[in-house]
Amino acid sequence: MNPLLVAFWAVLIFASILWYGFLVFYIGWKAGREIKVMTETLGAARDETKTG
Amino acid sequence: MTLTPVDWIIIAVYLTGCLFAGLWMRRYVRGVQDFAVAGREMDVNVGIASLAATELGLVTIMYTAQLGYEKGFAGAMIGVVMAAAVWLVGRTGFVIGPLRNAGVMTIPELFEKRFSPRVRWLAGLFVVLGGLLNMGIFLRLGGEFLVHATGLPPGWLEWIMTGLLGLVLVYTALGGMLSVLVTDYLQFLVMGVGIVVTSVLVILHIGWSDLQAGLEAAWGTGTLKAHPYDPTHATSFGWGYLLWQFVFQVACATTWQTQISRVLAARDASTARRMYTRTSFYFVGRFLLPGLWGAAALVWFTRNGGLPEGLTTLTAMPHYLSIVLPAGIIGIVVAAMLAAEMSTDSGYMLTWATVIYNDLVTPCLKKPLSPRGQLLLTRLLVLGIAVFLLFYGLWYELPGNAWDYLAVTGNIYLASVFTLLVAGLYWPRANATGAAAALVLGAVGPLVFLVLGTKFKIAPEVAGASSFALAAVGMIAGSLLSPSPAKPAPAK
């Protein structure tokens with residue numbers, strides 16, 4: 001077996017595990033804040049519609 | 001391994017949280033724009049979570065693990081190709097930039113602006129046909145994972161999946177894309193934890209060097225028919241298939257309506273492009289990590305007397321996980337897999353319902369519906385798709401490899417709609433005649449290959465590439481042999 005090919009897949013597997021772990025924290029934080037902003041914007045638009 | 005009370009509590013907490021979050025978002029839905037594209041308020045990180053969660057379903061985990069079991073790590077090369085295609089589309093803005101700038105709600109809507117109302121309707125029909133058939137096997141494969149991984153009685157499969165679909169239906173039909181985005185976010189987090197934990201436990205259980213040695217031994221003895229590391233090897237995919245996959249994945253990234261619905265919900269084209277480039281590497285793990293579980297299952301069962309009776313290459317991985325995962329952890333993993341299933345089901349149901357409403361029903365109405373009527377109709381369509389899924393999805397028996405089924409059904413519309421999009425956005429001479437010819441030829445191709453494929457052995461890359469070639473010939477010949485369009489509208 002070509003050791004370069006084996007190393008290629010090994011690096012990709014460990015990079016993927018680290019990337020998935022990192023994204024849980026990074027996206028968890030960033031997207032959480034974006035959802036808060038999104039609901040505030042939509043909530044304001046809804047209130048405006050209600051009051052005409 | 002069966003579920004312990006701790007596992008059940010973890011699963012119940014997760015399901016309750018999802019349902020609550022989904023229903024909470026209902027209050028922000030004012031009309032179809034909010035329902036279908038979240039009022040175009042989606043920012044980049046929510047987009048990443050939603051795109052990743054929708055495109056990584058339990059069905060994905062099943063077929064990528066099957067590829068790992070049958071082809072070793074080389075089976076994950078499709079994920080590497082997919083990541084490259086998504087990154088390239090995001091980096092260049094190819095198709096997705098002008099598509100988002102067009103301000104449409106679905107791809108076929110663009111075709112009315114560019115070609116004609118008939119082309120829009122015909123494209124909508126193919127999009128829905130390909131999409132619904134593609135989604136048809138999601139529930140069964142998801143149910144098989146749960147039954148094999150948890151040791152629940154097989155007779156429960158239909159009831160579990162019906163209950164799960166009912167739960168997804170409640171928040172998707174009421175909150176639309178807004179509920180889908182928020183539940184996708186939660187599901188992305190739960191899925192991420194489950195996939196990382198499972199991958200680490202699998203490596204610890206089988207041992208990295210033992211996994212390597214086991215794959216090489218399986219290849220040496222002929223248990224593994226494909227080279228476990230080299231995807232270009234004649235026994236694996238080969239160069240032809242990989243080149244074809246690159247074209248196919250570029251078409252997917254620019255044409256697959258569930259992915260494009262995130263582009264159309266983005267604030268602007270720049271947000272959509274960043275969402276693509278930043279999500280691209282996620283697609284490597286989407287194939288490689290479940291592929292690792294599948295490869296580990298192969299090594300484990302080969303060492304322990306072969307695949308037990310009643311198991312297939314598709315169900316080997318969940319059965320192996322039931323051996324590897326301890327109590328408590330299996331609850332987290334099952335919650336993660338439920339998250340994968342739910343995020344995909346909700347995104348797909350909403351997408352196809354939006355296309356049916358926007359491109360098949362609305363153009364046929366003589367008088368436009370009231371905003372309340374539009375919302376009610378879209379919600380009823382989500383319900384109708386759920387009913388279809390239950391009957392088709394749970395009672396249809398898969399004839400062969402899951403990945404092949406998904407590729408063929410997806411191709412029913414990918415080749416034709418991709419050709420229409422590229423020509424419509426970048427070729428001023430393209431007209432409605434060429435578009436109609438491309439639609440018919442591009443969709444007829446895969447259907448003919450589907451029928452002839454049982455009689456004659458046709459390589460999937462030949463079948464797939466021919467569909468794209470037929471659609472392109474239809475577009476070019478049809479456009480050049482008929483009058484030029486009155487108002488060409490190339491991409492800016």
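Below, each value reflects all heavy atoms present in this structure, side chains not excepted, and no hydrogens, waters or symmetry copies. A, B, ... follow the sequence lines: proteins, then strands. Residue 1 opens every chain.
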| said: Can you tell me if Trp239(B) has over 12 outside heavy atoms packed within less than 6.0 Å of its CH2? | reply: no
| task | Run the numbers on Tyr26(A) and Asn45(B) for side-chain contact (heavy atoms from CB on, under 4.5 Å), then give the verdict. | result | CA-CA 9 Å; Tyr26(A) 180 80; Asn45(B) 292 298; 3.7 Å; yes
| said: In the structure I gave you, are the side-chain heavy atoms of Phe287(B) and Leu12(A) within less than 4.5 Å of one another anywhere? | reply: no
| said: Need one label for Met25(B): side chain, backbone, both or neither, based on atoms under 4.5 Å from any heavy atom in chain A. | reply: side chain
| Main-chain N/O of Arg286(B) paired to Tyr20(A) side chain as donor or acceptor, under 3.5 Å | yes
| said: Any heavy-atom pair between the side chains of Trp9(A) and Leu288(B) that's under 4.5 Å? | reply: yes
| message | To the closest 0.5 Å, what do you measure between OH (Tyr185(B)) and NZ (Lys30(A))? | response | 12.5 Å
| task | Look up atom CD1 in Ile13(A) and atom CG in Leu211(B), then write down how far apart they are to the nearest 0.5 Å. | result | 7.0 Å
| said: Using side-chain heavy atoms (C-beta onward) and a distance below 4.5 Å, is Val182(B) in contact with Thr39(A)? | reply: no
| said: Please identify which of these residues, Val190(B), Val196(B), Val193(B), meets the side-chain contact (heavy atoms from CB on, under 4.5 Å) condition with Val24(A). | reply: Val193(B)
| said: Taking side chain as everything from C-beta outward and backbone as N, CA, C, O, which of these in Ile203(B) sits under 4.5 Å from a heavy atom of chain A? Side chain, backbone, both or neither. | reply: side chain
| request: Indicate the atoms forming the closest heavy-atom contact of Ala31(A) with Val46(B), along with that distance. | output: O-CG2, 3.7 Å
| message | Any heavy-atom pair between the side chains of Ile27(A) and Tyr282(B) that's under 4.5 Å? | response | no
| Is any side-chain heavy atom of Met38(A) less than 4.5 Å from a side-chain heavy atom of Asp43(B)? | no
| field | Choice from Ser50(B), Ala74(B), Ala49(B) maximising heavy atom contacts with chain A below 4.5 Å | value | Ala74(B)
| field | Residue part contacting chain A, namely of Leu189(B), when any heavy atom lies under 4.5 Å | value | both
| Relative to chain B, which segment of Phe25(A) carries a heavy atom at a distance below 4.5 Å: side chain, backbone, both, or neither? | neither
| field | Minimal non-hydrogen separation, Glu34(A) against Val44(B), with atom names | value | OE1-N, 3.7 Å
| field | CA sep, side-chain torsions, deciding dist, call: Tyr229(B), Phe8(A), side-chain contact (heavy atoms from CB on, under 4.5 Å) | value | CA-CA 9 Å; Tyr229(B) 300 114; Phe8(A) 169 75; over 6 Å; no
| Nearest-0.5 Å distance, CD1 of residue Ile17(A) to CG of residue Leu292(B) | 6.5 Å
| query | Do you know which of Gly291(B), Gly47(B), Ala76(B) has the most heavy-atom pairs under 4.5 Å to chain A? | reply | Ala76(B)
| message | I'd like to check Leu23(A) versus Phe188(B) (side-chain heavy atoms, cut-off strictly below 4.5 Å). Are they in contact? | response | yes
